[in-house]
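Presented below is the structure to which this report refers.
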Amino acid sequence: LSDWINSPPLTLAGLRGKVVVLDFWTYSCINCLRTLPYLKAWDAAYRQDGLVLLGVHSPEFSFERVPENVRRAVRELGLGYPVALDNHFETWKAFANQYWPAKYFLDRRGHLRFVHFGEDEYSRSEQVIRTLLAEGGAAPERRADAPAAARPRSAVTPETYLGWYRLDRYAGSPVVPGRFAEYRFPKVPLGLSELAYDGLWRVNGERILSAQSSRLRLRFLARAVHLVLSGRGSVEVLLDGR
């Protein structure tokens, strides 16, 4: 693990006697973000009973490998539990993990007792925590204040990537990979979940870089849009929601 946030370095051997939940996540993953309110509620409710929540930040993209970017995300998301930066995927590989998000539940002896991939099953996960805490210790007196369900229950605009590696539903002028080029919005309205660039952009594989007079347009179907931005420049984002 390359760096730590909110904690000095921890080891699983040093956490024996605690119930540990390892959460493999990365800060630009919307599925990960929707699980965080539940983790924060569990941390608030059960830390005093012996629960240790440990976020293992395993980056999907190169900009997520930058420690300051992760520190800023942890700060803005209000995470108070330890977060380890697993930039080389050492812990990810040790658990043979393949998913974001993924949660591994360890008992007080360090034995793996439950695993859950993706979202949902929050009630079952909390019951596992309560069961593990009660083994060899006092049963927790109260439950976590469960947040409202965060996962959409109807069709919404899917996760959208702006770089050319995974660019989908793009409706603008032709992409020129890897160098600054002038783009124009299409003259016809965007279709649902389509996006386009306008102005001067450099479209890299994993991200896009803006210059002066740059604009991004997305026609989306959702309650909210989560857009990952970094750097000091400015860009006009035009969102057409339904």
Side-chain angles (χ1 to χ4, degrees), residues 1-59 64 67-87 91-92 94-95 97 99-151 226:
L1 296 171
S2 58
D3 203 353
W4 287 79
I5 303 171
N6 296 333
S7 173
L10 302 173
T11 65
L12 291 181
L15 290 171
R16 294 288 171 85
K18 301 285 188 178
V19 172
V20 179
V21 177
L22 278 80
D23 174 44
F24 288 91
W25 73 296
T26 187
Y27 75 80
S28 75
C29 167
I30 186 60
N31 307 95
C32 300
L33 295 179
R34 287 198 290 253
T35 68
L36 294 182
Y38 297 90
L39 272 71
K40 292 165 67 174
W42 297 340
D43 180 48
Y46 302 122
R47 182 186 292 201
Q48 63 184 5
D49 296 309
L51 174 68
V52 176
L53 270 165
L54 175 54
V56 182
H57 188 272
S58 306
E64 294 172 313
E68 185 50 42
N69 289 348
V70 185
R71 291 182 184 278
R72 181 172 56 250
V74 167
R75 192 165 54 245
E76 292 175 350
L77 293 167
L79 306 185
Y81 51 81
V83 175
L85 277 60
D86 192 26
N87 278 356
T91 304
W92 175 287
F95 280 81
N97 187 51
Y99 305 100
W100 292 282
K103 294 170 182 58
Y104 293 78
F105 297 70
L106 284 71
D107 65 19
R108 296 180 185 273
R109 297 173 295 170
H111 296 167
L112 182 62
R113 298 283 294 275
F114 181 64
V115 178
H116 179 65
F117 303 127
E119 301 179 57
D120 299 326
E121 292 203 42
Y122 301 113
S123 294
R124 182 182 180 190
S125 296
E126 183 177 356
Q127 187 55 54
V128 169
I129 291 171
R130 293 176 63 84
T131 298
L132 297 182
L133 287 172
E135 293 179 355
E141 295 182 359
R142 59 186 291 270
R143 290 187 176 274
D145 294 326
R151 185 173 184 176
H226 297 268

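Only this structure's heavy atoms are used, side chains among them; waters, hydrogens and symmetry mates stay out. Values in this document were obtained by computation on a predicted structure and should not be read as measured data.
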Q) Does any pair with a residue in residues 101-117 pass salt bridge (Lys or Arg N to Asp or Glu O under 4.0 Å), and if so which ones, sequence neighbours excluded? A) D23-K103, D107-R109, D107-R113, R113-E135

Q. Under the salt bridge (Lys or Arg N to Asp or Glu O under 4.0 Å) rule, what pairs show up with a residue in residues 37-47, not counting sequence neighbours?
A. D43-R47

**Q.** Note, R143 side chain near Q127 side chain (heavy atom, < 4.5 Å)
**A.** yes

Q) Under 4.5 Å between any side-chain heavy atoms of N97 and F117, yes or no? A) yes

Taking atom [atom1] of [X] and atom [atom2] of [Y], what is their separation to the nearest 0.5 Å?
{"X": "R142", "Y": "Q48", "atom1": "CZ", "atom2": "CD", "answer": "7.5 Å"}
{"X": "D49", "Y": "R130", "atom1": "CG", "atom2": "CZ", "answer": "8.5 Å"}
{"X": "L53", "Y": "I129", "atom1": "CG", "atom2": "CD1", "answer": "6.5 Å"}
{"X": "E76", "Y": "Y27", "atom1": "CD", "atom2": "OH", "answer": "9.5 Å"}
{"X": "L15", "Y": "L106", "atom1": "CG", "atom2": "CG", "answer": "9.0 Å"}
{"X": "L36", "Y": "W25", "atom1": "CG", "atom2": "CH2", "answer": "6.0 Å"}

Could you tell me which residues satisfy side chain to side chain donor-acceptor pair (under 3.5 Å) with [X], sequence neighbours excluded, listed by chain and number?
{"X": "S125", "result": "none"}
{"X": "E64", "result": "T26, S28"}
{"X": "Y81", "result": "none"}
{"X": "N87", "result": "none"}

Q: Could you walk me through whether D120 and Y122 pass the side-chain contact (heavy atoms from CB on, under 4.5 Å) test, one step at a time?
A: CA-CA 5 Å; D120 299 326; Y122 301 113; 4.3 Å; yes

Q | ring pair (Phe, Tyr, Trp, His ring centres under 6.0 Å) involving W42 - partner list, sequence neighbours excluded | A | none

Q: Using the side-chain contact (heavy atoms from CB on, under 4.5 Å) rule, take L77 and L33 through it: C-alpha gap first, then chi angles, then the decisive distance, then the call.
A: CA-CA 9 Å; L77 293 167; L33 295 179; 3.9 Å; yes

Can you give me the closest heavy-atom contact between [X] and [Y], atom names plus distance?
{"X": "H116", "Y": "F114", "answer": "CB-CE2, 4.1 Å"}
{"X": "A41", "Y": "A144", "answer": "O-CB, 3.6 Å"}
{"X": "L133", "Y": "P140", "answer": "CD1-CG, 3.8 Å"}

Q) Sub-3.5 Å donor-acceptor pair from the side chain of H57 to the main-chain atoms of V83, do we have one? A) no

Q) Does any N or O in the side chain of D86 come within less than 3.5 Å of the main-chain N or O of T91, such that one atom is a donor and the other an acceptor? A) yes

Q | Aromatic plane relationship, F24 with Y104 - under 30° parallel, 30 to 60° tilted, over 60° perpendicular | A | perpendicular

Q) Parallel, tilted or perpendicular: which describes the rings of W100 and W92, with under 30° parallel and over 60° perpendicular? A) tilted

Q. What residue pairs, at least two apart or across chains, pass side-chain hydrogen bond (donor to acceptor under 3.5 Å, both in side chains) with a residue in residues 3-20?
A. D3-R71

Q.
Evaluate V56 against F95 for side-chain contact (heavy atoms from CB on, under 4.5 Å), listing each step before the verdict.
A. CA-CA 11 Å; V56 182; F95 280 81; over 6 Å; no

Q: Say whether Y46 and E126, considering side chains only, have a donor N or O and an acceptor N or O under 3.5 Å apart.
A: yes

(Q) Tell me every residue that passes salt bridge (charged side-chain N to carboxylate O under 4.0 Å, His left out) with E68, counting only those two or more places apart in sequence or in another chain. (A) R75

